[in-house]
Amino acid sequence: MNLQRNAYHWRRLSVWVPVLESDGLKSDRPVRLSYWGTPVVVFRTSSGRLGAIEDACGHRGVPLSQGCIRGEQIQCGFHHFRFDINGRCTHIPAVFGADEGFRRRCNVRKFFIREEVGLIWISVEDEPEAEFPVDASLLPDDRITATGSFNVDGDLRVWLDHFLDIPHCIWAHAESAYFGSPERPAELASVRVGIGNASRYPVRRAIEMAFCIEDDGRYARYAVPVRMLAVMDRIKKRLHRNLRAGCTSHLKVRADLVTPLCQETRSRVGPLKVCAWTGINPLSAGKNQFIYSLVADARNRGWISRIFGRKLLHDFVRYHLGVEDGNFLAYARYFDDERLCATDLDSTVLAMREMFTTYQREKGKLYPDDSLIHAIRY
């Protein structure tokens with residue numbers, strides 16, 4: 001998809017945010033979560049349909065997540081009002097003597113919900129022609145999938161900036177991405193920027209970059225975070241002793257900015273070719289949640305290889321984002337455009353800010369009044 005087509009499609013884009021792992025949503029238990037800081041309850045009905053509505057009963061505002069599932073509806077635990085997946089109040093106990101007008105006034109806000117690559121996604125809009133962040137038809141049928149979430153601190157704007165920040169990869173991710181270390185960084189062999197101030201979501205091929213580093217014969221970790229299994233570490237050490245000094249390690253990365261809060265990347269993690277979705281969900285000021293799904297081709301891999309592969313994917317993303325990025329960005333201050341000392345490599349960050357501001361201005365009215373999207377000022 002080229003940038004011209006992006007501009008054509010952007011007004012029909014539903015900005016889906018991953019908010020929960022699929023395994024965390026059972027058919028007998030609703031879950032309370034945050035969508036841009038707004039409390040939402042998500043649930044599965046008895047038939048398996050998904051619902052996402054405001055987590056406040058339309059009668060007295062009691063959290064519906066404290067209730068239970070009754071067939072195709074969710075029931076408030078306080079007064080037993082019931083609501084369907086569209087937020088319509090479908091049942092009020094007879095003791096209240098409520099009429100039809102009262103029932104309609106009890107309706108609550110509906111959010112749109114989808115499930116893909118092991119994640120639950122939410123949006124304030126549902127436009128069938130819009131591009132969803134995940135095209136499952138392009139993924140291998142036989143695959144390894146690693147999903148999870150963890151919390152990070154810091155200004156949301158700083159975290160959004162880092163999605164398309166090129167230079168930090170050389171140093172901050174030296175240990176988890178290629179044969180290197182912060183003291184022996186890789187060379188940025190090539191970079192291609194496909195995002196500009198006029199871009200609109202989704203931006204496919206926003207950045208394509210390649211790193212290379214000469215192997216000096218010393219042991220270095222190759223896409224295996226320090227928290228990887230000890231046995232994998234020993235195997236890697238043995239393999240590296242057999243490598244010839246002077247060979248070059250290469251890593252190619254493609255980054256797509258599919259929504260303001262979600263990045264799709266294509267690269268390698270150790271021996272695995274991976275497509276990853278990493279989404280950041282703001283919980284409150286300075287508190288954010290990362291939700292991720294990494295998918296790798298599992299064809300011709302045995303069960304032991306699959307177990308270690310899934311472990312590798314989990315450790316990689318948690319160390320890469322939660323530790324390497326998290327240690328820096330939790331305390332980083334946001335600099336606005338006037339104070340930011342920008343170089344040509346920072347053009348991606350400035351373009352992302354412009355895109356978000358445009359989206360916020362033109363579609364912010366779709367979000368609830370208490371949504372954190374209204375509080376962000378670029």
Side-chain angles (χ1 to χ4, degrees), residues 14-56 63-69 72-75 77 83-87 108-126 132-136 139 143-153 156 159-160 163 258-264 275-284 287-295 310 313-314 317-318 321-322 326 367-368 370-373:
S14 296
V15 177
W16 295 89
V17 178
V19 292
L20 183 70
E21 297 172 69
S22 295
D23 291 345
L25 186 59
K26 309 300 182 183
S27 60
D28 61 343
R29 180 172 54 86
V31 175
R32 178 185 173 94
L33 49 81
S34 177
Y35 171 72
W36 278 102
T38 298
V40 176
V41 59
V42 297
F43 57 98
R44 292 186 194 273
T45 69
S46 297
S47 65
R49 299 176 70 193
L50 294 173
I53 60 177
E54 179 184 358
D55 193 19
L64 292 170
S65 55
Q66 295 180 358
C68 59
I69 307 302
E72 298 301 295
Q73 302 159 2
I74 184 171
Q75 177 175 282
F83 301 84
D84 64 15
I85 61 173
N86 293 308
V108 299
R109 179 170 183 140
K110 169 189 177 180
F111 294 84
F112 299 96
I113 183 168
R114 290 182 63 169
E115 185 173 19
E116 194 57 79
V117 290
L119 299 177
I120 303 296
W121 304 70
I122 289 182
S123 174
V124 293
E125 45 189 323
D126 181 30
F132 187 68
V134 180
D135 187 349
L139 300 175
R143 59 201 192 217
I144 300 170
T145 302
T147 64
S149 65
F150 53 90
N151 292 346
V152 293
D153 295 330
L156 177 64
W159 280 100
L160 294 182
F163 267 145
V258 290
T259 79
L261 299 181
C262 186
Q263 182 184 50
E264 177 185 317
C275 186
W277 293 268
T278 51
I280 188 166
N281 183 22
L283 303 176
S284 60
K287 300 291 182 181
N288 310 291
Q289 180 185 36
F290 254 108
I291 313 276
Y292 65 86
S293 176
L294 278 67
V295 175
R310 189 171 290 107
L313 296 179
H314 280 298
V317 71
R318 286 177 175 271
L321 289 168
Y367 289 79
D370 64 349
S371 175
L372 290 176
I373 196 171

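Residues: numbered from 1 along the sequence shown. Excluded from the calculations below are hydrogen atoms, water molecules and symmetry mates; all remaining heavy atoms, backbone and side chain alike, are included.
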remark   = Only residue of N151, I280, V152 satisfying side-chain contact (heavy atoms from CB on, under 4.5 Å) with Q289 is N151

ask   = From S22 OG over to I120 CD1, what is the distance, rounded to the nearest 0.5 angstrom?
value = 4.0 Å

inquiry  = Is any side-chain heavy atom of L20 closer than 4.5 Å to one of I291?
reply    = no

key: Test item: V42 and I113 side chains (from C-beta on) under 4.5 Å apart, heavy atoms   = yes

query = Out of I85, D84, I53, T45, which one pairs with I74 under the side-chain contact (heavy atoms from CB on, under 4.5 Å) rule?
reply = I53

ask   = To the nearest 0.5 Å, how far apart are OG1 in T147 and CZ in R310?
value = 9.5 Å

query = Is there side-chain contact between V15 and P260, with at least one heavy-atom pair below 4.5 Å?
reply = yes

inquiry  = So V134 and W16, do their side chains get closer than 4.5 Å, heavy atoms only?
reply    = no

task = Tell me whether the guanidinium CZ or amine NZ of R114 lies under 6.0 angstrom from the six-membered ring centre of F132 and within 45° of its axis.
result = yes

inquiry  = I want to check a possible cation-pi pair here: R109 against F111, using under 6.0 Å from ring centre and within 45° of the ring axis as the test.
reply    = yes

key: Whether F150 and Y292 hold their rings parallel, tilted or perpendicular, with breakpoints at 30° and 60°   = tilted

ask   = Are L64 and P30 close enough that some pair of their side-chain heavy atoms sits under 4.5 Å apart?
value = no

